[in-house]
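Heads up, the thing below is written out as structure tokens.
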2 protein chains.
Amino acid sequence: MHIHIVHAHPEPASFTSAMKDMAVSVLRAQEHVVSVSDLYAMNWNPVASAADFGSRQDADYLVYALEQRYNWANGSIAPDIQAEVDRLMAANVLILSFPLYWFSTPAIMKGWIDRVLLSGLCYGGKRFYDQGGLRGKKALVACTLGGQEHMFGKDAIHGEIDAMLTPLLRGTLAYTGMDVLTPFLGYHIPYLDQKERAKILEDYSARLLSITNEAPLPMPSLDDYDHQLHPKSR
Amino acid sequence: MHIHIVHAHPEPASFTSAMKDMAVSVLRAQEHVVSVSDLYAMNWNPVASAADFGSRQDADYLVYALEQRYNWANGSIAPDIQAEVDRLMAANVLILSFPLYWFSTPAIMKGWIDRVLLSGLCYGGKRFYDQGGLRGKKALVACTLGGQEHMFGKDAIHGEIDAMLTPLLRGTLAYTGMDVLTPFLGYHIPYLDQKERAKILEDYSARLLSITNEAPLPMPSLDDYDHQLHPKSR
């Protein structure tokens with residue numbers, strides 16, 4: 001299998017970075033082909049703008065998704081985006097590796113999502129959720145956070161972690177058609193000792209051995225909605 | 001009142017930008033003091049990094065939130081961040097104005113959140129939710145999206161819009177202590193005609209007249225949790 005890891009952490013010696021390094025070696029030892037986009041190391045530009053397009057369907061008025069579609073069809077997407085699209089399309093599994101910032105991805109990774117998950121290629125019209133352009137691929141979110149596990153749940157102070165991750169798991173990864181795996185979450189990282197951190201690395205390593213066989217999270221299917229996207233059961 | 005609008009759209013002639021311009025004039029006509037951070041126009045840097053700090057508590061290992069705290073106390077936060085912090089702290093009301101990208105903020109605005117909502121000033125230790133550093137301020141999300149209203153709801157294809165906005169409304173704005181108002185959502189924008197768009201501008205204008213008197217959305221209170229942040233009722 002081809003596995004592509006998109007990683008974002010401003011500190012190369014961080015625990016999150018250690019998780020990414022371990023993922024690379026564990027997966028390579030399993031004979032998988034592994035590539036990594038280390039966004040901080042690449043000085044990745046996260047800002048979606050007119051500069052992303054080598055040609056324009058409408059030179060006077062920028063509708064970003066529309067120009068994505070036009071430039072994708074035309075082969076004129078900016079080279080930094082095209083290189084990431086190539087890595088994504090070659091992959092059977094996408095891993096997003098990052099520390100949770102404000103219960104979501106750091107801006108540099110949000111900008112990978114905004115710029116690389118092209119309209120036209122990854123979704124468009126009725127091509128989303130189980131009809132999305134990236135169906136057949138799997139996606140795993142592997143992230144670290146400061147909060148503790150008991151701070152998430154039905155009556156917990158931050159509510160369900162699944163609700164916090166909804167825009168990413170459902171609204172982004174599942175939206176493009178990918179099979180979304182249960183996220184791997186490293187809780188309370190800044191406050192753990194070395195032994196506790198080693199245990200999380202061990203759990204992550206064990207988890208990585210099973211990702212190619214795991215059942216994905218349940219997500220919407222277009223089959224359950226009519227042509228105007230109203231639920232069929234109504 | 002002082003009202004600060006943080007706006008992000010790559011097209012100055014966009015409908016979202018028209019909403020922002022209208023907000024400025026409507027609120028000024030009400031004798032409010034209005035400031036705007038137009039992130040694309042400012043060429044705002046969204047990437048949290050070591051360059052954000054004029055001094056370092058630990059020069060060898062970057063823990064971003066820890067250096068925010070240290071540099072805030074020390075007066076050595078990068079000037080572009082400090083300028084935004086000053087505008088935020090002067091405001092009674094914060095408005096975030098943006099098009100929904102992947103059910104969340106565009107990366108350039110996520111980077112305003114990551115870099116400006118400083119640990120130490122806006123939150124830290126047990127200072128979050130109703131004990132957060134920005135309590136007393138109000139926050140309004142005003143965003144545009146391509147989806148239609150019937151695509152959101154309990155059995156709708158994208159689920160509840162509140163769930164999609166949870167990391168922003170609860171995990172970010174309420175987390176810092178702000179009173180979070182019901183978001184203003186402009187649905188289906190790219191597909192509307194001029195008359196339909198004018199109606200949304202009119203609704204937004206009417207809405208802006210009431211924001212200083214509105215009751216905020218219910219959010220967690222630390223009073224309901226013990227010192228380890230377990231629910232007290234357990």
Side-chain angles (χ1 to χ4, degrees), chain A residues 10-11 13-14 40 43-50 60-66 99 101-115 117 128-129 146-148 150-151 155-159 163-168 170-172 175 190 220 222 224-225 228-231 233-234, chain B residues 10-11 13-14 40 43-50 60-66 99 101-115 117 128-129 146-148 150-151 155-159 163-168 170-172 175 190 220 222 224-225 228-231 233-234:
Chain A
E11 172 54 65
S14 66
Y40 273 93
N43 200 21
W44 174 255
N45 165 28
V47 181
S49 80
D60 298 323
Y61 186 86
L62 177 68
V63 178
Y64 192 77
L66 237 145
Y101 279 11
W102 296 102
F103 299 101
S104 65
T105 53
I108 198 170
M109 182 171 282
K110 182 54 167 54
W112 187 91
I113 291 167
D114 290 349
R115 299 176 71 224
L117 299 183
F128 65 108
Y129 289 132
Q148 298 185 67
H150 74 264
M151 295 176 193
D155 300 313
I157 190 150
H158 299 314
M164 284 293 188
L165 296 176
T166 295
L168 180 59
R170 177 172 176 164
T172 305
Y175 188 93
L222 291 203
D224 298 328
Y225 298 85
Q228 289 184 311
L229 300 171
H230 288 283
S233 51
R234 279 224 294 211
Chain B
E11 173 53 64
S14 67
Y40 274 91
N43 200 21
W44 173 255
N45 164 30
V47 181
S49 79
D60 298 324
Y61 186 87
L62 177 68
V63 178
Y64 193 77
L66 237 145
Y101 279 13
W102 296 102
F103 299 99
S104 64
T105 53
I108 198 169
M109 182 171 283
K110 182 54 168 53
W112 187 92
I113 291 167
D114 290 348
R115 298 177 70 224
L117 298 183
F128 64 108
Y129 289 131
Q148 297 185 69
H150 74 265
M151 295 178 194
D155 300 313
I157 190 151
H158 299 313
M164 284 294 187
L165 296 176
T166 296
L168 180 59
R170 176 172 177 164
T172 304
Y175 188 93
L222 291 202
D224 298 328
Y225 297 86
Q228 291 184 309
L229 300 171
H230 288 283
S233 49
R234 276 223 298 212

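In the text below, chain A, chain B and the rest are named by the order of the sequence lines, each starting its count at 1. None of these values were measured; they are calculated from a predicted model.
Looking at B:Asp60, the atoms closer than 4.5 Å to chain A (heavy atoms on both sides) all sit in the backbone: N, CA, C or O. In this structure, chain B has a heavy atom under 4.5 Å from the backbone of A:Thr105, while its side chain stays farther away. For A:Ala50, no part lies near chain B; criterion is any non-hydrogen pair under 4.5 Å. For B:Leu117, the parts sitting under 4.5 Å from any heavy atom of chain A are the backbone and the side chain alike. Neither the backbone nor the side chain of A:Leu165 comes within less than 4.5 Å of any heavy atom of chain B.
Comparing B:Trp44, B:Phe128, B:Trp112 by heavy-atom pairs within less than 4.5 Å of chain A, the highest count is held by B:Phe128. Chain B forms more heavy-atom pairs under 4.5 Å with one residue of A:Thr172, A:Thr166, A:Val63 than with any other, namely A:Thr172. Between chain A and the residues B:Ala65, B:Ala156, B:Pro220, the most heavy-atom pairs under 4.5 angstrom are made by B:Ala156. Of the listed residues (B:Tyr61, B:Phe103, B:Tyr129, B:Tyr175), the one with the most heavy-atom contacts under 4.5 Å to chain A is B:Tyr61. Counting heavy-atom pairs under 4.5 Å between each of B:Ala48, B:Gly111, B:Gly146, B:Ala163 and chain A puts B:Ala48 at the top.
In this structure the side chain of A:Pro167 reaches within 4.5 angstrom of the side chain of B:Pro167, judged on heavy atoms. With contacts defined as side-chain heavy-atom distances shorter than 4.5 Å, the pair B:Pro46/A:Val47 qualifies. Within the 4.5 Å cutoff, side-chain heavy atoms of A:Met164 are placed close to those of B:Arg170. Looking only at side-chain heavy atoms (C-beta outward), A:Gln228 and B:Gln148 stay at 4.5 Å or farther from each other.
Of all non-hydrogen atoms in A:Asp114 and B:Trp102, the two that sit nearest each other are OD1-CD1, 3.5 Å. Nearest heavy atoms, A:Pro10 versus B:Ser49: CB-CA, 4.5 Å.
With sequence neighbours excluded, the residues that form a side-chain contact (heavy atoms from CB on, under 4.5 Å) with A:Tyr225 are A:Leu229, A:Pro231, B:Ile157.
Atoms OG and CD1, on A:Ser104 and B:Ile113 in that order, are 7.5 Å from each other to the nearest 0.5 Å.
Between B:His230 and A:His150, the angle of the ring planes stays under 30°, which puts this pair in the parallel group of the 30/60° scheme. Between B:Tyr101 and A:Tyr64, the angle of the ring planes stays under 30°, which puts this pair in the parallel group of the 30/60° scheme.
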